[in-house]
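Any value given below was found using the heavy atoms of this structure, including those in side chains, with hydrogens, waters and symmetry copies removed. The sequence lines fix the lettering, A, B, ..., with proteins before strands; numbering per chain opens at 1.
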Protein chains: 2
Amino acid sequence: MLEVRHLRTLIALAEAGTVSRAAERVHLTQSALSHQLKALESHYGLAMVKRHGQSVQLTEPARRLVALGHTVMNELQTAERDLAKLARKPTGTLRIALECHTCFDWLMPIMDAFRKHWPEVELDLVSGFHPNPLALLADNKTDLVIGSENKARRGIVYHPLFRFEVLAVMPTDHRLKTKRYLAAGDFAKETLITYPVPEERIDLIRRVLKPAKIHPRRRTTELTVAILQLVASRRGVAALPNWGIKNYVDYGYVIARRIGKNGLWSNLYGATTGEVARLPFVRDFLETARRECFAKLDGVVPVQ
Amino acid sequence: MLEVRHLRTLIALAEAGTVSRAAERVHLTQSALSHQLKALESHYGLAMVKRHGQSVQLTEPARRLVALGHTVMNELQTAERDLAKLARKPTGTLRIALECHTCFDWLMPIMDAFRKHWPEVELDLVSGFHPNPLALLADNKTDLVIGSENKARRGIVYHPLFRFEVLAVMPTDHRLKTKRYLAAGDFAKETLITYPVPEERIDLIRRVLKPAKIHPRRRTTELTVAILQLVASRRGVAALPNWGIKNYVDYGYVIARRIGKNGLWSNLYGATTGEVARLPFVRDFLETARRECFAKLDGVVPVQ
DNA sequence: CATAACTTATGAATGTGTTTCATAATATTC
DNA sequence: GAATATTATGAAACACATTCATAAGTTATG
């Protein structure tokens, strides 16, 4: 009766908090998940979710099954990794180029795990700034580019990773703190603190400020913590992924506000050549990245 | 892609040795399993079985998946046990009455495991000989009767366990050792060594010798090893389950022959009242018994 | 060596069971 | 109170696992 699909569903539900969002995550409809849950409940004679206003809470039996799900999914991934190694000696390189600075934050633990799982594969980060990272793929200077671009190009395949919201970060006593969300005009008089990259690489500028013809002062620094430091000490405002600043907001170090009524959302993709996309260890890397980000990063949803 | 059903199939295949017998074990057709295997092979790009004449041998990838299957099935059973405990405090008793002597051999380790898994349940063996064990159920003197009877009776449900072959056991130098199988007449001049139970309880007598009006001498003893001892020292022949004597035959201590052209087969059932059948720990016990017996006992097949 | 009794493989048909669709019901937000 | 979320549910659609029918290949046996 219990199948892997039920475990996937329950894990997604535990992470997403609502049936609808869990459904997106497992690429099914809300209805399908509702039926699945009903089937589980009637089979075990136990409630799996307790409706709690807008969201659902998992019951103890459901949490037990989630625990089962985690161990099963781990065992399964390990086994499939072993099969991939049996199919072919997994030698090769995985050079990763990053288009977005904050990605470092989630990438590190995943690279560490990868090194353990595929000791035979040479893992590398392509360092330095590159005006056109996708060109590195064609030039065989990298194997994987992580960024938000997904324009169709011949020979390049995009692997959707996840979608996240970019929030405006401000000092706790900022004059705009009462606003529910910020409009382009609100940035006119601000200093924008960013990573040292061209304007086109900064979502807020490219997609919100430039179209509104607003050009705030800019100040740049390399590290996320440095940006937050500057924001907290009232040197300006920043725009950062919600999962990157969650801890600082929860701690009351800075405050965050939505950008525009529906928020400023960004998709993240992994881009490879078609050939590289077929390598088992690359697929494993991408799958792990997705899984771990959905599990560990807050407010992350599937692409689209 | 990989689902629990594939793992069940591969485990059954590892235990049964042929696709057809594995299919019986998982209650599917041979064709279904063949399709499943084909799907696995094309999905992983790896062969799962190597045809080896009449039987199949699992390849390394398949064995890896069987290992995965074992851990997954264990985790799964543990989780479902936990769910059952969450549904209701599992207090109660499980008193087991045995209709067949040899069943002790496989029952012991299963009872040990049960005690670990359900410490709250009082486990007991109903000792002594009982002319009509099924009556004990109605009298509430036992909760479970293990035997080969399955005549429909109101209020009693039978849970198929497994089917095994009863073989004639003889000293290595017996005059009948050249025969491929023994007929009823062959027993006429033999001494039959059995457990100390009435004739009707001995399959060989009830189903083979009595219909042929053959009544050999009988000599009885309590323990299986004692029976084998007597056989080996030429005091007579015995009829025992194949899995009970496998080691002694392999070691060359005694020899075993089929009884009748198609062999003498016996079905084993667990009998309970309808009420007891619903208790989670009883279902768990029966499921574990089946699983372990199929895994550990040689030449055991599903009932029917 | 031929036949019987086993195996497994395979394509087409079947049928079960999951998913989607459409919609109702209910809660939350502004 | 309207708008926008959420989940629940029965019926319809669809996917896909299983069965059926059958072929083709081994192994045993007289």
Result for side-chain contact (heavy atoms from CB on, under 4.5 Å) between A/Leu240 and one of A/Thr102, A/Val231, A/Leu204 points to A/Thr102

Rounded to whole Å, the CG-C1' distance (A/Leu40 to C/dG17) equals 14 Å

Worksheet item: Using a cut-off of 4.0 Å on non-hydrogen atoms, how would the nucleic acid contact of B/Ser31 be classed: base, sugar-phosphate, or nothing?
Response: base

Residues 1-20 of chain B vs ring pair (Phe, Tyr, Trp, His ring centres under 6.0 Å), sequence neighbours excluded, gives none

Rounded to whole Å, CD of B/Glu24 lies from P of C/dC6 at a distance of 12 Å

Exercise for the section: Test side-chain hydrogen bond (donor to acceptor under 3.5 Å, both in side chains) on B/His35 and B/Gln30 and set out the steps. Expected result: CA-CA 9 Å; B/His35 283 299; B/Gln30 168 268 128; over 6 Å; no

The nucleotide from C/dT7, C/dC30, C/dT20 with an atom nearest the side chain of A/His35 is C/dT20

Residue pair A/Arg180/A/Arg51 against DNA chain C: nearer the 5' end by closest nucleotide is A/Arg51

From CZ of B/Arg5 across to P of C/dT16 the rounded distance in Å is 16 Å

Separation of C/dA9 atom P from B/Gln30 atom CD, nearest Å, is 7 Å

Separation of C/dA9 atom P from B/Leu28 atom CG, nearest Å, is 16 Å

CZ of B/Arg5: more than 12 outside heavy atoms within 6.0 angstrom? yes

* Salt-bridge criterion met for B/Lys177 and B/Asp173 (N-O under 4.0 Å) -> no

From CD of A/Gln36 across to C1' of C/dG17 the rounded distance in Å is 12 Å

query: Is any side-chain nitrogen or oxygen of A/Thr29 closer than 4.0 Å to OP1 or OP2 of C/dT20?
result: yes

note: A/Tyr181, atom OH; C/dT29, atom C1'; distance rounded to Å ~ 14 Å

A/His27 NE2 to C/dT20 P, in whole Å, measures 12 Å

Query raised in the report: Counting only side-chain N and O atoms of B/Ser20, is one of them less than 4.0 Å from OP1 or OP2 of C/dT8?
Result: yes

Are more than 12 heavy atoms from other residues, nucleotides or ligands located less than 6.0 Å from atom CZ of B/Arg283?
no

The first and last nucleotides of DNA chain D lying within contact of chain B, meaning any atom under 4.0 Å from one of its heavy atoms, run from D/dA17 to D/dT29

So, for B/Trp243 and B/Phe164, is the gap between ring centers shorter than 6.0 Å?
-> yes

